[in-house]
Amino acid sequence: MALVMNDENQPLQHRRGFISRDLAGIAVILAIAAIGYFAFPDNLALLTRMITIALLVLSLDLVTGYCGVATLGHAALFGSGAYAAGILSAHYGINDPLLMMLAGITGGALAGLLCGAIILRAHGLPQLVLSIALINLFHEFANKASSWTGGSDGLSGIAPDPVFGLFEFDLYGHTAFFFGMALLLIVFVLLRFLVRSPFGMLCRAIKQDPLRIRAMGASPKAALIRMYAISGAVAGVGGALNAISTQVVGLDSLSFTQSAEALVMLVLGGTGSLFGALSGTVIFMLFEDYVSAANPFHWLTMVGALLIAVVLFAPKGLYGTSAAFVSRRREQRS
C-alpha cells in the first residue's frame, strides 16, 4: 500500500520540482537583469541587444537542442521578424510596438515553416548545406528588394509609439530594456511549458529514435515542421525587438555570421536546455564586449581560445556541465 501511495505521489513531486526550478530560474534571470541594469546604466543598448540575441538562441535550441536538426541559417527567421516589424512601421505607418511584435512573430513563423519544409527534406550534413543556402538566399532577396528593405543601406524610418501609450522609447534605452525583459520572461515561461508538454517530449523522442516514433504511427516530419514554426515565432520576437529598439534593420540581421554566432552561444551554454541557451548568450556577449574593448587587435584569438577550452573540457557546455556536476553530487550524497 505504501508503495502505491509513493508511486502516486511521484508525479506531484516531479511537478513541484519543475515549478521550483522554474521559479528559481526566473528569479536568477531577474537578478542578472537587475545587476546588469545597475552595473551598466549607460550601456543599456548592449543589454537589450543581448536580450534580442538570447531570443534567437532560444529559438535555435528548440530545433537543434531538442529536435536534433542541424542548421546554420537560423538568422533567416530572426531577420524575417525584424523586417516584418520594420516594414509595418516604415511603409505602412503602423507604429504600435505590440502590433509590430505581432508582425515579427508572423514573419518569423512563416519563415520557419518555409525553412523547415526545405531543411527537413535532408539529414545530417545536407541539412547544414541547405540551411547555409537558405540564409544566403534570404540575405540576397533582402538586398535586391531595396525598395522595401532599404538594401545595403538598411531599413530606416522605424518610429515605434510609446508602449501602451505611456512609455516612450528614449535615447537611454530604458523602455527598450524593460520591454525586452518582459518579452524574454514571457517567452521563457511559455517555452518551459512547451518543452515539458507531450509535444515537446515527442520532439525529444524524435531526436533519440525517429524510426521508432514513425513505427508508433506518429509523423516525425510534421512534428518537426511545427516546432520549426514555433522556433521561427520566437526568433521573430527577437527580430522585432531588435527593429523596435534600434529603429533600423540592416542586412546583418540576415547574415551567416549571425547564425554561426548563435550556434556558438548555444554550444557554449549547452544544447537541449533553455537555461543553457540563456547562459551561453550572456557569457559570450559579455566576454566578447570585454575582450574587444581591452584588446581590439587580438580579441578574436581570446574568444577562440575560450571556445576551444569549453569544447575540450566542458563538452556539454558551461551550464550543462555544471548541472551534470551538481546532479552527480546530489546522487552521491543520497
Check residues 311-318 and write down every donor-acceptor pair under 3.5 Å in which the side-chain atom is one partner and the other belongs to a residue at least two apart or another chain.
none

Could you pull out every donor-acceptor pair under 3.5 Å between side chains of residues 106-124 and any protein atom, sequence neighbours left out?
{"residue": "Thr106", "atom": "OG1", "partner": "Leu102", "partner atom": "O", "Å": "2.9"}

Which donor-acceptor pairs under 3.5 Å do the side chains of residues 266-285 make with protein atoms, sequence neighbours left out?
{"residue": "Ser273", "atom": "OG", "partner": "Phe275", "partner atom": "N", "Å": "3.4"}
{"residue": "Ser273", "atom": "OG", "partner": "Gly276", "partner atom": "N", "Å": "3.1"}
{"residue": "Ser279", "atom": "OG", "partner": "Phe275", "partner atom": "O", "Å": "3.0"}
{"residue": "Ser279", "atom": "OG", "partner": "Gly276", "partner atom": "O", "Å": "3.0"}
{"residue": "Thr281", "atom": "OG1", "partner": "Ala277", "partner atom": "O", "Å": "2.8"}

Could you pull out every donor-acceptor pair under 3.5 Å between side chains of residues 27-52 and any protein atom, sequence neighbours left out?
{"residue": "Thr48", "atom": "OG1", "partner": "Leu44", "partner atom": "O", "Å": "3.0"}
{"residue": "Arg49", "atom": "NH1", "partner": "Asn242", "partner atom": "OD1", "Å": "3.3"}
{"residue": "Thr52", "atom": "OG1", "partner": "Arg49", "partner atom": "O", "Å": "2.6"}

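In this structure, CG in Leu306 is found 11.5 Å from CE in Met302, a value given to the nearest 0.5 Å. The distance from atom CG of Leu254 to atom OG1 of Thr149, rounded to the nearest 0.5 Å, is 9.0 Å. Rounded to the nearest 0.5 Å, atoms CG (Leu130) and CG (Leu72) are 12.0 Å apart. Between the CG atom in Asp161 and the CG atom in Leu166 there is a gap of 12.0 Å [rounded to 0.5 Å]. With values rounded to the nearest 0.5 angstrom, Ile186 atom CD1 is found 11.0 Å from Met181 atom CE. Rounded to the nearest 0.5 angstrom, Leu202 CG and Tyr66 OH are separated by 15.0 Å.
Counting only N and O atoms by type, the side chains of Ser231 and His74 include a donor and acceptor under 3.5 Å apart.
Leu263 and Ile308 are members of different hydrophobic clusters when ILVMFWY side chains are connected at heavy-atom separations under 4.5 Å. There is no path of hydrophobic side-chain contacts, each under 4.5 Å, that joins Tyr319 to Val326. Hydrophobic clustering, with ILVMFWY side chains joined whenever heavy atoms are under 4.5 angstrom apart, groups Phe188 together with Phe193. Ile87 and Val248 fall into different hydrophobic clusters, where Ile, Leu, Val, Met, Phe, Trp and Tyr residues are linked whenever their side-chain heavy atoms come under 4.5 Å apart, directly or through other members. Connection of Phe141 to Phe256 is not established within any shared hydrophobic cluster, with ILVMFWY side chains joined at heavy-atom distances below 4.5 Å, either directly or through further cluster members.
Residues Gly65 and Lys207 come closest through the heavy atom pair O-NZ, 2.7 Å. The two atoms that bring Ala243 and Ala82 nearest to each other are CB-O, 3.7 Å, heavy atoms only. Scanning both residues, Met227 and Cys203, for their nearest heavy atoms gives CE-SG, 3.7 Å. Here the closest non-hydrogen pair linking Tyr228 and Val69 is CE1-CG1, 4.0 Å. A pairwise comparison of heavy atoms in Ala84 and Ala103 identifies CB-O, 3.4 Å as the closest pair. Closest of all the heavy-atom pairs between Ser80 and Ala76 is OG-O, 2.6 Å.
With sequence neighbours excluded, the residues satisfying side chain to side chain contact (heavy atoms under 4.5 Å, CB included) with Ser255 are Thr257, Gln258. Partners of Lys144 under the salt bridge (charged side-chain N to carboxylate O under 4.0 Å, His left out) rule, at least two apart in sequence or in another chain, are Glu140. Arg212 meets the salt bridge (charged side-chain N to carboxylate O under 4.0 Å, His left out) test with Asp209; sequence neighbours excluded. Among residues two or more places apart in sequence or in another chain, the side chain to side chain contact (heavy atoms under 4.5 Å, CB included) test is passed with Leu137 by none. Remark: Glu168 pairs with no residue by the salt bridge (charged side-chain N to carboxylate O under 4.0 Å, His left out) rule, at least two apart or across chains. The side chain to side chain contact (heavy atoms under 4.5 Å, CB included) search around Val129 returns none, not counting sequence neighbours.
When atom types are taken as modelled, the side chain of Thr175 and the backbone of Asp170 share no donor-acceptor pair closer than 3.5 angstrom. Side-chain N or O atoms of Gln127 include one that pairs as donor or acceptor with a backbone N or O of Ala70 at under 3.5 Å. Judged by distance alone, the side chain of Asn136 and the main-chain N or O of Ile132 form a donor-acceptor pair under 3.5 Å. Of the possible polar contacts, one joining the Ser292 side chain to the Asp289 backbone as a donor-acceptor pair under 3.5 Å is found. Within the 3.5 Å criterion, the main-chain N or O of Ile158 finds no donor-acceptor partner in the side chain of Ser89.
A heavy-atom distance below 4.5 Å is not found between the side chains of Arg214 and Ser219. Annotation: side chain of Asn143 is in contact with side chain of Ser152 (closest heavy-atom distance under 4.5 Å). In this structure the side chain of Phe169 reaches within 4.5 angstrom of the side chain of Pro97, judged on heavy atoms. Looking at heavy atoms from C-beta onward, Phe179 lies in side-chain contact with Leu98 at the 4.5 angstrom threshold. Between Leu184 and Leu58, the closest side-chain pair of non-hydrogen atoms falls below 4.5 Å. No side-chain heavy atom of Leu128 sits under 4.5 Å from any side-chain heavy atom of Thr71. For the pair Leu191/Val234, a side-chain contact is recorded, criterion being any heavy-atom separation below 4.5 Å from C-beta on.
Counting heavy atoms of neighbouring residues, nucleotides and ligands inside a 6.0 Å radius, atom CZ of Phe199 exceeds 12 of them. For Phe167, the CZ atom is loosely surrounded, since the number of other residues' heavy atoms within 6.0 Å does not exceed 12. No more than 12 heavy-atom neighbours from other residues, nucleotides or ligands sit within 6.0 angstrom of CG on Leu171.
A ring pair (Phe, Tyr, Trp, His ring centres under 6.0 Å) check over residues 143-163, counting only residues at least two apart or in different chains, returns the pairs His91-Trp148. Contacts classified as side chain to side chain donor-acceptor pair (under 3.5 Å) and involving residues 180-190 (residues at least two apart or in different chains) are not found.
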Practice problem: Check the pair Asp96, Met101 against side-chain contact (heavy atoms from CB on, under 4.5 Å), reporting the backbone distance first and the verdict last. | Solution: CA-CA 9 Å; Asp96 183 85; Met101 189 59 59; over 6 Å; no

Quiz item: Stepwise, does the side-chain contact (heavy atoms from CB on, under 4.5 Å) test hold for Leu56 with Leu60?
Solution: CA-CA 6 Å; Leu56 171 60; Leu60 177 61; 5.6 Å; no

